[in-house]
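See structure below.
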Number of protein chains: 2
Amino acid sequence: MVPIDILSFTRTRPVARTPKEITDAELTVLEALWERPRATVRELAEALYPDGGASQTATVQKLCERLEAKRCVARDKRERPATYRATIDRAALIGRHLRGVADRLCAGSFTPLLTHLVESGEISDADLQRLRERVANLDEGGAPPPREERE
Amino acid sequence: MVPIDILSFTRTRPVARTPKEITDAELTVLEALWERPRATVRELAEALYPDGGASQTATVQKLCERLEAKRCVARDKRERPATYRATIDRAALIGRHLRGVADRLCAGSFTPLLTHLVESGEISDADLQRLRERVANLDEGGAPPPREERE
DNA sequence: CGCATTCAAGACAGAATGTCTATGGTCCCG
DNA sequence: CGGGACCATAGACATTCTGTCTTGAATGCG
């Protein structure tokens with residue numbers, strides 16, 4: 001609640017609520033959008049709630065609104081009915097989450113995440129092989145590719 | 001994802017609330033615990049709320065309880081006052097979050113995360129070098145190191 | 001115009017979060 | 001032994017978040 005002491009104005013509390021990532025229901029909608037270039041709310045609702053009615057459609061509408069606020073989808077109002085399309089793909093969403101973890105736990109650095117993954121023992125030999133090639137390529141390239149979107 | 005079932009069970013909603021990771025306030029407490037082998041609630045409260053009083057202490061107490069429920073800390077009741085110690089270190093917590101992201105977005109696979117990190121352009125040359133060595137070692141070893149805790 | 005569809009706004013219940021109060025237990029010291 | 005200091009447990013509380021739904025206005029069409 002952050003009570004504010006008028007005189008001493010301390011503000012030393014752990015209080016910190018971070019913005020909030022994408023929620024489960026939102027992700028479901030987003031995934032449906034990833035499967036098509038664009039879609040109307042109705043189409044999405046029919047896909048997600050096979051035998052849903054008007055209220056389910058409204059639910060999807062609301063989720064789309066919230067996704068738009070989070071810049072995960074864009075709406076084309078010129079179409080009738082309006083269509084939505086994803087503005088972030090799975091890889092970028094992964095990146096967003098990864099950044100969240102890094103910011104929260106590693107002072108923003110990706111390196112500890114990388115270390116953990118490599119040592120997790122959950123990367124297959126084939127993937128390790130690919131990784132090795134990729135790392136090798138990056139090495140000679142020198143300048144890494146530019147960063148993607150990011151908000 | 002959840003909805004879409006052929007036999008039209010009632011359960012068709014995106015509804016899916018995942019358990020919930022550690023929260024911000026909890027993380028603050030946990031980080032304070034990481035800085036010492038163990039600590040009493042009072043010590044933690046004094047560290048986190050430099051000029052807090054009894055209610056702040058109670059807040060920390062509650063956060064410790066919730067952390068204990070999430071198996072992030074353990075309490076030694078024999079000590080008077082009881083002491084808490086972290087049962088998960090930063091690396092393990094990172095792992096837990098990483099697993100969460102993988103489960104949510106990559107059907108549980110770590111590989112896409114790894115790919116993203118390597119291609120993010122945010123890994124320093126030095127770290128890349130280390131990575132390359134580590135990858136090389138893992139390769140010849142064959143059997144990966146044992147997995148860490150994981151509940 | 002009448003109607004169906006679409007959209008916007010908000011209501012709502014239940015859970016999560018950070019915080020606090022109240023109450024009762026323990027222990028020490030005079 | 002009694003009082004007080006400290007500690008612990010329970011629960012209350014205000015907010016916010018989440019998934020859902022209702023309502024009523026806007027829009028387009030035959």
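Computed from a predicted model, the values in this text were never measured in an experiment. Side chains included, hydrogens not; waters and symmetry mates left out as well; all remaining heavy atoms used.
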Mapping A:R66 and A:E79 onto DNA chain C by nearest heavy atom, which one lands closer to the 5' end?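 Nearest-nucleotide comparison on DNA chain C picks A:E79.
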Distance (rounded to the nearest 0.5 Å) between A:L44 CG and A:L33 CG: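 One finds 4.5 Å between CG of A:L44 and CG of A:L33.
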Side chain of [X]: nearest nucleotide among [options]?
X	options	answer
A:A25	D:dT20, C:dT17, C:dG18	D:dT20
A:E65	D:dA8, D:dT20, C:dA8	C:dA8
B:S55	D:dT18, C:dC20, C:dC27	C:dC20
A:K62	C:dA9, C:dT6, C:dA8	C:dA9
A:T23	C:dT5, C:dC20, D:dT18	D:dT18

Less than 4.5 Å apart, side chain to side chain, heavy atoms only: is that true for B:C106 and B:T111?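 No, side chains not in contact.
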Taking C-beta and beyond as the side chain, do B:T28 and B:L48 meet within less than 4.5 Å on heavy atoms?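 Counting from C-beta outward, B:T28 and B:L48 do come under 4.5 Å.
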Distance below 4.0 Å between [X] side-chain N/O and [N] OP1 or OP2:
X	N	value
A:Q61	C:dA8	yes
A:R80	C:dA4	no
A:Q56	D:dT20	no

Any salt bridge (charged side-chain N to carboxylate O under 4.0 Å, His left out) pairs touching residues 52-67 of chain A, not counting sequence neighbours?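 Passing the test, one end in residues 52-67 of chain A: A:K62-A:E65.
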Using a heavy-atom cut-off of 4.0 Å across all strands, would you classify B:A82 as base, sugar-phosphate, or nothing?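 Answer is sugar-phosphate: B:A82 comes under 4.0 Å of backbone atoms only.
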Length of the line joining B:L63:CG and D:dA8:P, which is rounded to integer Å: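 These atoms are roughly 15 Å apart.
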Starting from the 5' end of DNA chain D, give me the residue, A:A54 or A:I22, whose nearest nucleotide shows up first.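 Checking each residue's closest nucleotide, the 5'-ward one belongs to A:I22.
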